[in-house]
Amino acid sequence: MSKKKAAFLILTISYFLLTVCDLLLTFIATPDLELEGNPLVRGFGMDWFGLIAVNILTYTLYFVMAYYSYIKYKSPKSAETQDVRRYLSDITYGDPEKVNIGMWRLPKYWSPQVACLCFAVSTAMPIARLVIVFEWYFILKGIEASLFFSIVAVFPMGRIDFFIALFLAWGLTFVWIYSEFHANRDAVLKEKE
């Protein structure tokens, strides 16, 4: 089994288990959903059926994103092996000379951008969901985690998980870019031998 397939399995199974744990702990802590922080539950008065449906939809989207980034996406080959910015311009615009800061132009080839986004989000989401599981655990066990809860209180509606996922996903885009660049470079150098 390849490393990417193993990572895909670990991430999708972990996210599924964390989703189930989150729902189970939510049910134990607040069967009437009074303490639930999901904006759909709070804003639209969803019940358990709605919350479970949203989680099924979220997991399905998560699975598709992880599948695309870890299994389906095939990296384009590039002759650019020296400069990561030129490599990124080559796989995005088809020309290593079209380097631009911030990638502000629309890409000619969308698959690398979609794969990068899917990788970043599908890798960050289990970590963010784990924070929510810990939060419910602390509440249920009555653990005095004043620093943790004071940090959570800073975020709108206490949704620290959303901001953790966003921050991690942003950083993981750079991980994806550099790992793709190095894999391409290694493949090109191996072909030249």
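This is a predicted model, so every value here is computed, not measured.
The distance from atom CG of Leu130 to atom OH of Tyr15, rounded to the nearest 0.5 Å, is 12.0 Å. Atom CG of residue Leu168 and atom CZ of residue Phe163 lie 13.5 Å apart, to the nearest 0.5 angstrom. Atom CD1 of Ile164 sits about 7.5 Å away from atom CD1 of Ile132, to the nearest 0.5 Å. One finds the OG atom of Ser69 at 8.0 Å from the NZ atom of Lys4 (value rounded to the nearest 0.5 Å). With values rounded to the nearest 0.5 angstrom, Glu36 atom CD is found 7.5 Å from Thr30 atom OG1. In this structure, Leu25 CG and Leu18 CG are separated by 10.5 Å, a value rounded to the nearest 0.5 Å.
Looking only at side-chain heavy atoms (C-beta outward), Tyr62 and Pro126 come within less than 4.5 Å of each other. Leu172 is listed as a side-chain neighbour of Val175, based on a closest heavy-atom distance under 4.5 Å. Annotation: side chain of Ser122 is not in contact with side chain of Phe63 (no heavy-atom distance under 4.5 Å). Using a 4.5 Å heavy-atom cutoff, the side chains of Trp136 and Ile139 are in contact.
The side-chain contact (heavy atoms from CB on, under 4.5 Å) search around Cys116 returns Thr173, Trp176, not counting sequence neighbours. The side-chain hydrogen bond (donor to acceptor under 3.5 Å, both in side chains) check on Tyr87 picks up nothing, with sequence neighbours excluded. Listed by chain and number, the residues in a side-chain hydrogen bond (donor to acceptor under 3.5 Å, both in side chains) with Thr19 amount to none (sequence neighbours excluded). Considering only residues two or more places apart in sequence or on other chains, Ser146 meets the side-chain contact (heavy atoms from CB on, under 4.5 Å) condition with none of them. Looking at residues two or more places apart in sequence or on another chain, you find no side-chain hydrogen bond (donor to acceptor under 3.5 Å, both in side chains) involving Glu144. Annotation: side-chain contact (heavy atoms from CB on, under 4.5 Å) contacts of Pro96 (sequence neighbours excluded): Glu80, Arg86, Asp90. For the side-chain contact (heavy atoms from CB on, under 4.5 Å) test, residues two or more places apart in sequence or in another chain that qualify with Lys72 are Tyr67, Tyr68. Checked against ring-ring contact (aromatic ring centres under 6.0 Å, His included), Phe148 has the following partners two or more places apart in sequence or in another chain: Phe138.
Within the structure, salt bridge (Lys or Arg N to Asp or Glu O under 4.0 Å) contacts touching residues 43-68 (residues at least two apart or in different chains) do not occur. For residues 160-170, every residue pair satisfying the side-chain hydrogen bond (donor to acceptor under 3.5 Å, both in side chains) rule, not counting sequence neighbours, is listed here: Arg159-Asp161. Applying the side-chain hydrogen bond (donor to acceptor under 3.5 Å, both in side chains) test to residues at least two apart or on different chains, the pairs with a partner in residues 177-188 are Ser75-Glu180, His182-Arg185.
Counting non-hydrogen atoms of other residues, nucleotides and ligands closer than 6.0 Å to CZ of Phe16 gives a total of 12 or fewer. Atom CZ of Phe27 has 12 or fewer heavy atoms from other residues, nucleotides or ligands within 6.0 Å.
Both Leu61 and Ile13 are members of a single hydrophobic cluster when ILVMFWY side chains are connected at heavy-atom separations under 4.5 Å. Taken together through direct or relayed side-chain contacts under 4.5 Å among Ile, Leu, Val, Met, Phe, Trp and Tyr, Phe49 and Phe44 form parts of separate hydrophobic clusters.
Nearest heavy atom pair, residue Thr123 against residue Tyr70, reads OG1-OH, 2.8 Å. The two residues Tyr93 and Lys108 come nearest to each other via the heavy atoms O-CD, 3.6 Å. Here the closest non-hydrogen pair linking Trp48 and Leu23 is CH2-O, 3.7 Å. Of all heavy-atom pairs spanning Ala124 and Ala169, the tightest one is CB-N, 3.8 Å. Closest non-hydrogen pair, Cys21 versus Val133, comes out as CB-CG2, 4.1 Å. The two atoms that bring Pro107 and Gln113 nearest to each other are CB-OE1, 3.9 Å, heavy atoms only.
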Extract all donor-acceptor atom pairs below 3.5 Å that involve side chains of residues 51-60 and protein atoms in other chains or at least two apart in sequence.
| from | atom 1 | to | atom 2 | distance (Å) |
| --- | --- | --- | --- | --- |
| Asn55 | OD1 | Arg129 | NH2 | 2.4 |
| Asn55 | ND2 | Leu51 | O | 2.8 |
| Thr58 | OG1 | Val54 | O | 2.7 |
| Tyr59 | OH | Thr12 | O | 3.0 |
| Thr60 | OG1 | Ile56 | O | 2.8 |

